Amino acid sequence: MREPILKAVAMPPKVFWAPMLPAVVNFSVQMAIMMVFMGGLPGVVNPLVFVFTFLLGHIGIIIYGARDPHLSKMMQSYGPFMSKTKNIYHSRGNKLAP
């Protein structure tokens, strides 16, 4: 019963050897930029340029994801801890608990 849980924790999901969430963010940002350029400069911009920029970004994510395989979970937990916390007692740094 515990094997699927341990496997999910030990091996996070990947898309073409890159962590899932950064790969999806890379794809969505590249597609948005491509749509803006294709809509703003019709007939001038070749869409194949964006294939190369997408591959370069994906290779960068693969390299960074090889060093830290849990990059998706780090990106998901980055949001809740961005806000400053108010400490009851004066001290340096942010405390997660009072």
Side-chain angles (χ1 to χ4, degrees):
M1 233 17 210
R2 298 179 75 177
E3 184 177 339
I5 296 172
L6 294 175
K7 185 176 180 182
V9 170
M11 295 186 307
K14 295 185 179 265
V15 176
F16 298 114
W17 306 285
M20 175 72 87
L21 188 60
V24 170
V25 169
N26 178 36
F27 179 75
S28 61
V29 167
Q30 291 289 337
M31 288 300 287
I33 292 172
M34 183 182 77
M35 294 296 174
V36 167
F37 273 96
M38 294 297 290
L41 302 169
V44 177
V45 180
N46 189 355
L48 291 177
V49 172
F50 296 101
V51 172
F52 295 118
T53 60
F54 173 74
L55 287 176
L56 287 175
H58 195 75
I59 289 170
I61 292 171
I62 290 171
I63 292 169
Y64 194 70
R67 285 192 272 161
D68 190 7
H70 296 283
L71 190 59
S72 295
K73 291 296 180 186
M74 287 174 50
M75 287 176 70
Q76 288 174 351
S77 66
Y78 188 67
F81 293 112
M82 280 296 295
S83 63
K84 295 283 184 180
T85 59
K86 183 172 173 137
N87 299 333
I88 294 175
Y89 304 108
H90 180 69
S91 63
R92 289 178 30 180
N94 290 332
K95 307 290 188 262
L96 297 177

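Scope of the values below: all heavy atoms of this structure, side chains included, with no hydrogens, waters or symmetry mates. In this chain, numbering begins with 1 at the start of the sequence shown. Note that this is a predicted model, so its numbers are computed, not measured.
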Does any pair with a residue in residues 37-51 pass side-chain hydrogen bond (donor to acceptor under 3.5 Å, both in side chains), and if so which ones, sequence neighbours excluded?
none
hydrophobic_cluster_shared for Val44 and Val49, side chain cutoff 4.5 Å
no
Give me the atom names and distance for the closest heavy-atom approach of Val45 to Phe37.
CG2-O, 4.1 Å
Kindly determine whether Leu56 and His58 satisfy side chain to side chain contact (heavy atoms under 4.5 Å, CB included), including the steps that lead there.
CA-CA 5 Å; Leu56 287 175; His58 195 75; over 6 Å; no
In a table with atom names and distances, give each donor-acceptor pair under 3.5 Å that connects a side chain of residues 11-31 to protein atoms at least two apart or in another chain.
from	atom 1	to	atom 2	distance (Å)
Ser28	OG	Val24	O	3.2
Ser28	OG	Val25	O	3.0
Gln30	OE1	Thr53	OG1	2.8

Is there a path of hydrophobic side-chain contacts, each under 4.5 Å between heavy atoms of I, L, V, M, F, W or Y residues, that connects Met34 with Phe52?
no
State plainly whether one hydrophobic cluster holds both Met35 and Met38, where clusters connect Ile, Leu, Val, Met, Phe, Trp and Tyr through side-chain heavy atoms under 4.5 angstrom apart.
yes
